[in-house]
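Each remark here refers to the structure printed beneath this line.
Counting starts at 1 for both ligands and their atoms, following the listed order.
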Amino acid sequence: MEIRKGIAVSPGMAMAEAIVLDAEDYRIPTRYVEENFVEREKELLERAVEHSIAELKLQRDKLASNYGGETSGILDFHVGILQDHKLRRELHDLILRKKCSAAYAVSRSFLALKRRFSNLKNTLFAQRVKDIQDIEKRLLQHLLGEEREDLEHLTKDVVLVAHDLPPSLCAGLDKTRVVGVVTDVGGLTSHTAILLRSLGMPAVIGLSDFTSHVSGGELVVVDGRRSLVIANPDLETIRRYESEIQRIHQFTDELVELKELPAETLDGLQVQLMGNIEFPYESEICLRQGASGIGLFRTEYLYIRAQTEPNEEEQYEAYTTTIKGMQGRTVTIRTMDLGADKYTQAKAFEPERNPFLGLRSIRYCLRNLDFFKRQLRAILRASVHGEIRIMFPLIINLMEFRQAKMALFDAMEDLEEMGLPFRKDIPIGIMVETPAAAIMCKEFVREVDFVSIGTNDLIQYTLAVDRSNERVAPLYTAAHPAVLRLLRDIIITAEKAGVDCSLCGEIAGEPVYTLLLLGLGLRQFSMASGDIPEIKKLIRSSRLTHARKVAREALKLETDRQVHNYLRDETRKLLPPEVI
Ligand code: PEP
Ligand code: MG
């Protein structure tokens, strides 16, 4: 049994056999072969070993002639491992005894080897794990060729274990089969995490080298409540998790019954709970969860999922489906926020040196006006089907907002010339997700119709902590007093100006922040739709007087630890322990 602590993306739990994607997305299938194919698998293995050795020797000689013996010595270690008789015997033995494929035997044996190396006290040896991984990858490349396994045609429930899971891959997951996800890298508000959360997928990320410690077919537990992942659980652990998973399902069923009830505090304050979505089909899920509208439609996913840029017609269809799906409730459409971690580097228009600070989001749109206006025309045309708002992301100054608005007016003129109908009364707003916009909120609220606070980025830029980097994840927190003060100022400024203010960062769906946000004066929350019932339950158990006191006290505290503990303790008074 191997237990690891990571970062929980959502509080769910799951238990199933693992499928493992390594850093290059190779899936190693658990594959057994018939008796008469055993010899063939052994031959395939030998061939792969011989090819790998030949390749390595060639590379070693090249390195030696260019850089000398010291560098090429690393490859001698690789050759040595592959020539090791004991390892070869072990591999043959596994194929013979288990009647499994050569690839599966390699993945099992190398897993054991990696474990042996990483348990060595000598750090120099422990570092060799990376080399072992390299050798394994080389062998698998020979055995599996360029073939990539298809995640869309799974035949049983699995926990997906991956080094990284780009948003594009994540978006295509078959939710009926993938019951949990575990990754080596990633932070709490990386877009992969956000997607997993919106899929309602139990997931724990940021586990550094977990992929080296688990093999396809092994049982894995994903425990989002305790931020744990367990490989090869013992019988007692399996029983315990079976009953916990069943209890959670019961609790979730009870929450859904709240759907028809208003999000109203015990002392009569009604708030709005809206959904964040990435795809049109999610509008139906939002309605099922009782959302009063869509507070954030991350339209960039239409681009991320497609191989090529969707044309105006395809975009129009996507927005129309969403708007009609919400049956008269407001849909806030955010213009493309591409960039940073929201495309793979391979798809990046131009690789960025510093992606989160680079030519992304509204900056990219304003530099590529044709591209931008195609989207704006599609949104405008879809506006005749219901209630929408248009929101611009990553705004840092008034000029950007004014330019974006001008692009919108240009798009309106285009449509007028073409004689196509659109609504002219669409509220136009911005995301407040940079310290610049937060500090200048007073100026912005004179020009915008609404603001939506994007805490995911606001935290990252205020604290200078990369939201998707697991190595700095403990520093990334909304409980930091600097973040609290910015939130207070934005909410008060918008309220004074009579401008609608919502919050669509992940903390809107985290129970620990609900009392604080209510107390600060927030009345519109937008979150992953799966979080709505739980937040509604919490709001229906709270009082505004209590929430105001919580906000006042939290603002007096000096450290994020104090703030977090205080908020957790106050929330625990209202919710059952399995939630927080
Ligand atoms: C945010 O930054 O808080 C936000 C909601 O936008 P995204 O997570 O898409 O960057
Ligand atoms: Mg953002």
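The shortest contact between atom 8 (O) of ligand 1 and any protein heavy atom is with Arg467 NH2, 2.8 Å. Ranking the protein heavy atoms by distance from atom 7 (P) of ligand 1 puts His191 NE2, 3.4 Å first.
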Determine, stepwise, if the pair Glu570 / Lys549 fulfils salt bridge (Lys or Arg N to Asp or Glu O under 4.0 Å). CA-CA 10 Å; Glu570 290 301 311; Lys549 180 170 166 274; 5.4 Å; no
For the pair Asp425 and Arg423, evaluate salt bridge (Lys or Arg N to Asp or Glu O under 4.0 Å) and give the outcome as yes or no after the intermediate values. CA-CA 6 Å; Asp425 57 348; Arg423 284 181 71 153; 3.0 Å; yes
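Within the protein, the N, O or S atoms sitting under 2.8 Å from the Mg ion (ligand 2) are Glu433 OE1, Asp457 OD2.
Side-chain contact annotation: Thr322 with Ser283, donor-acceptor N/O pair under 3.5 Å absent. Using modelled atom types and a 3.5 Å distance limit, the side chains of Thr183 and Asp164 yield no donor-acceptor pair. At a cut-off of 3.5 Å, with distance as the only test, a side-chain donor of Gln315 or Tyr303 sits close to an acceptor on the other residue.
For Ile194, every heavy-atom contact with ligand 1 shorter than 4.0 Å involves the side chain, none the backbone. With a 4.0 Å heavy-atom cut-off, ligand 1 is reached by the backbone of Thr455 but not by any atom from C-beta on. Contact annotation: for Arg298 versus ligand 1, heavy atoms closer than 4.0 Å belong to the side chain alone. By the criterion of a heavy-atom distance under 4.0 Å, the side chain of Asp337, and not its backbone, is placed next to ligand 1. Within the 4.0 Å heavy-atom criterion, neither part of Ile453 lies near ligand 1.
Interface of Cys504 with ligand 1, defined as ligand atoms under 4.0 Å from a residue heavy atom, comprises 5 (C). Proximity to Gly505 (heavy-atom distance under 4.0 Å) selects the following atoms of ligand 1: 3 (O). For ligand 1, the atoms sitting less than 4.0 Å from at least one non-hydrogen atom of Leu296 are 5 (C), numbered in the order shown with element in parentheses.
When Arg381, Arg374, Gln375, Lys373 are each tested for a side-chain hydrogen bond (donor to acceptor under 3.5 Å, both in side chains) with Glu312, only one passes: Arg381.
Under a 4.0 Å N-O distance rule, the pair Asp449/Arg389 does not qualify as a salt bridge.
Relative ring orientation between Tyr316 and His385 is described as tilted, the plane-to-plane angle lying within the 30° to 60° band.
One finds the CD atom of Glu264 at 11.5 Å from the CG atom of Leu544 (value rounded to the nearest 0.5 Å). Distance check: Phe422 CZ to Arg377 CZ gives 12.0 Å after rounding to the nearest 0.5 Å.
Distance alone, capped at 3.5 Å, is enough to place a donor-acceptor pair between the Glu352 side chain and the Leu359 backbone.
Summarising the contacts of atom 1 (C) of ligand 1 with Asn456, Ile459, Leu394, the nearest heavy atom is found in Asn456. Ranked by closest heavy atom to atom 2 (O) of ligand 1, the top entry among Met431, Arg334, Glu433 is Glu433.
Here's the thing with Arg360: none of its N/O atoms is less than 3.5 angstrom from an N/O atom of ligand 1.
What you find for Pro435 and Leu458 is that their closest heavy atoms are N-CD1, 3.8 Å.
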